[in-house]
2 protein chains.
Amino acid sequence: MTARTSTESARDIPEATVARLPVYLRALTTLSEAGTGTCSSEALAAAAGVNSAKLRKDLSYLGSYGTRGVGYDVDYLRYQIAREIGVTQDWPVVIVGIGNLGHALANYSGFRSRGFRTVALLDADPARHGEMVAGIQVRPFVDLESIVAEHGVAIGVIATPAVAAQAVADRMVACGITSILNFAAGVLSVPAGVDVRKVDLSVELQVLAYHEQRKAQGELA
Amino acid sequence: MTARTSTESARDIPEATVARLPVYLRALTTLSEAGTGTCSSEALAAAAGVNSAKLRKDLSYLGSYGTRGVGYDVDYLRYQIAREIGVTQDWPVVIVGIGNLGHALANYSGFRSRGFRTVALLDADPARHGEMVAGIQVRPFVDLESIVAEHGVAIGVIATPAVAAQAVADRMVACGITSILNFAAGVLSVPAGVDVRKVDLSVELQVLAYHEQRKAQGELA
DNA sequence: TCCGTTTTGTTCTCCCGTTCACAAACTCCT
DNA sequence: AGGAGTTTGTGAACGGGAGAACAAAACGGA
């Protein structure tokens, strides 16, 4: 509203909004593929599973990309969100730990289709080296540094057992990786400036169990 | 919805706290295995990666299980949290969609060790039926109803492609499942009273990409 | 017993995120 | 051209969670 230079991306997008932008992006992609040219905040909010007021406020952090009385141009908004998130560019990614989960991640098509390119699969176990997974050869973990340097990797994925996770993270940070997606149990300690996001499968189930237990308790009342 | 009667367990634990209890539980287990008998909120908070004041407030929702001037008895607190979450009991779980991710989930030891027992692996693809995964035979999806009835399953995991997810969820709900962990992309629509938690791998990477992009922009300023 | 030390449980304040509600802005129809 | 109908963008109220700070409680030593 005040000083807002058009080139300046000094917009401070709230973290909660950032986490929803990918959801909107996916909903817009679905709409676009269905041939929808324009959509209202109400329709998009329904497709994304959120409140329409929240959606509009989220989008307002990016700019005014809608038209009052009309709605949003699906493809235009999709591009704007993609640009804001950064998925218009190509992100090389390294996956460390090629067990069951590493296999699944390497084969997950949702990464590549969103601008994430797996440039290497690494594992400390020599028995795995050379194995082909998703068209990529599994290489020794010690190759990390050269791979990061060669491809300019900024994002690393940890899919190792919990005991190895911290050591892997330390090495990643030392090699210059500044964003880590961690699937291993436990807390990772990294220096400031490095982002870590954690996905903990058993935590999710335990939260469900808590609510399930409460439902059961309520029934026998 | 049904009125929440006065017999409710009095404690209305905030959702944010519920999500952290499993983390504390894991930290306590680690401490216990290391032979630690007692720990302060400071120490436990460090192990769990949270602020100590937040930890104490979280625990205070469960009751007063600590001793001032001393700290918490590791095993006692561990049991209390486990009981509160509900992981002292056995939770039968069904996994639907035995692709790469389904394989990984079926083999994930973190489930079983926390009270979750995979009672069935289901897939719609007849080519997969009979295959043994993690010691369990893959069965047809249509067996869902009988399995849920037989084992009293309340929790279902969806690891199918996005297009099938809603149909699977509908069927799960129809069979009596009231908690769903969804790994498929897109929004699930379920009736009130059914809990859904969603894990979206590509969303996590996109959030990292956003921050990564901002770091890069800042550097060239 | 009494005092100093340690650590919990809790209160208070601040901040972030959600939601409501409405004016502004645009389209369409007459 | 003008009014009716839509839909966005945003100001404001509201609720919940995070963290600082402190009083209460327990222990240990003299």
Side-chain angles (χ1 to χ4, degrees), chain A residues 1-4 6 11-24 27-28 31 36-78 80-81 84 187 207 210-211, chain B residues 10-24 27-28 31 36-74 76-78 80-81 84 187 203 207 210-211:
Chain A
M1 70 177 75
T2 50
R4 185 181 52 203
S6 57
R11 304 171 277 236
D12 201 20
I13 302 185
E15 197 53 39
T17 296
V18 171
R20 281 188 294 267
L21 290 180
V23 179
Y24 302 154
L28 285 166
L31 287 173
T36 310
T38 301
C39 73
S40 68
S41 66
E42 202 71 46
L44 181 53
V50 302
N51 181 294
S52 70
K54 179 157 42 176
L55 169 76
R56 288 198 300 276
K57 178 154 283 195
D58 283 343
L59 296 184
S60 76
Y61 289 114
L62 313 189
S64 281
Y65 296 135
T67 306
R68 296 175 194 224
V70 177
Y72 301 91
D73 182 289
V74 171
D75 287 325
Y76 181 60
L77 181 59
R78 185 158 72 113
Q80 292 298 340
I81 294 180
E84 190 72 36
V187 180
V207 172
Y210 169 79
H211 291 296
Chain B
R11 301 176 283 247
D12 198 21
I13 302 185
E15 199 52 38
T17 296
V18 171
R20 282 189 294 266
L21 290 180
V23 180
Y24 303 154
L28 285 166
L31 287 173
T36 310
T38 301
C39 72
S40 68
S41 65
E42 202 71 46
L44 181 54
V50 302
N51 179 293
S52 70
K54 180 157 43 174
L55 169 76
R56 288 198 300 276
K57 185 180 285 190
D58 283 342
L59 295 184
S60 76
Y61 289 114
L62 312 189
S64 281
Y65 295 135
T67 306
R68 296 174 194 228
V70 178
Y72 300 92
D73 182 289
V74 171
Y76 181 60
L77 181 58
R78 186 158 70 114
Q80 292 299 340
I81 294 180
E84 189 70 36
V187 179
V203 166
V207 172
Y210 170 79
H211 291 297

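Computed over heavy atoms, backbone and side chain alike; hydrogens, waters and symmetry mates excluded. To find a chain, count down the sequence lines: A is the first, B the second, and so on, and within it residues start at 1.
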(request) Would you mind reading off the distance between A:Asp58 atom CG and D:dG9 atom P, rounded to a whole angstrom? (result) 12 Å
(message) Nearest whole Å is fine: how far is C:dT7 P from B:Asp73 CG?
(response) 16 Å
(message) Less than 4.0 angstrom between a side-chain N/O of A:Thr67 and OP1 or OP2 of C:dC26, yes or no?
(response) no
(request) Let me know, please, whether A:Gly69 or A:Lys57 comes out on the 5' side of the other along DNA chain C by nearest nucleotide. (result) A:Lys57
(message) Counting only side-chain nitrogens and oxygens, does B:Tyr61 get under 4.0 Å of the OP1 or OP2 atom of C:dT10?
(response) no
(message) In this structure, is the centre-to-centre distance between the rings of A:Tyr72 and A:Tyr65 below 6.0 Å?
(response) no
(message) Whole angstroms only, please: what is the CG-C1' distance between A:Leu59 and C:dG17?
(response) 16 Å
(request) Send over the distance from A:Leu77 CG to D:dT7 C1', rounded to a whole Å. (result) 14 Å
(request) Let me know the distance between OH of A:Tyr65 and P of C:dC26, rounded to the nearest Å. (result) 17 Å
(message) Below the 4.0 Å mark, does D:dT7 have OP1 or OP2 next to a side-chain nitrogen or oxygen of A:Ser41?
(response) no
(request) Taking only the side-chain heavy atoms of A:Tyr72 (C-beta and beyond), determine which of C:dG9, D:dT8, D:dG17 contains the nearest atom. (result) D:dT8
(request) Please answer whether the main-chain N or O of B:Ala43 pairs with a side-chain N or O of B:Ser40 as donor and acceptor at a distance below 3.5 Å. (result) yes
(request) For residues B:Leu59 and B:Ile81, report the shortest heavy-atom separation together with the two atoms involved. (result) CD2-CD1, 4.0 Å
(request) Provide, to the nearest angstrom, the distance between the CG atom belonging to A:Asp12 and the P atom belonging to C:dC15. (result) 15 Å
(message) Tell me the interatomic distance from A:Lys54, atom NZ, to D:dG11, atom P, rounded to whole angstroms.
(response) 20 Å
(message) Is B:Arg56 close enough to D:dA21 that one of its side-chain N or O atoms is under 4.0 Å from OP1 or OP2 there?
(response) no
(message) Could you tell me how far apart A:Arg68 (CZ) and D:dT7 (P) are, to the nearest whole angstrom?
(response) 14 Å
(message) Under 4.0 Å, counting only non-hydrogen atoms across every strand here, what does B:Glu15 touch: a base, just sugar-phosphate, or nothing?
(response) sugar-phosphate
(message) Looking at every non-hydrogen atom in both residues, tell me the closest pair between B:Leu55 and B:Ser41 and how far apart they are.
(response) CD2-O, 3.1 Å
(message) For D:dG17 and B:Asn51 - does any side-chain N or O of the residue sit under 4.0 Å from the phosphate oxygens OP1/OP2?
(response) no
(request) Nearest-nucleotide wise, let me know which of B:Val70 and B:Ala16 is further upstream toward the 5' end of DNA chain D. (result) B:Ala16
(request) Write down the atom of B:Leu44, the atom of B:Cys39, and the distance for their closest heavy-atom approach. (result) CB-SG, 3.9 Å
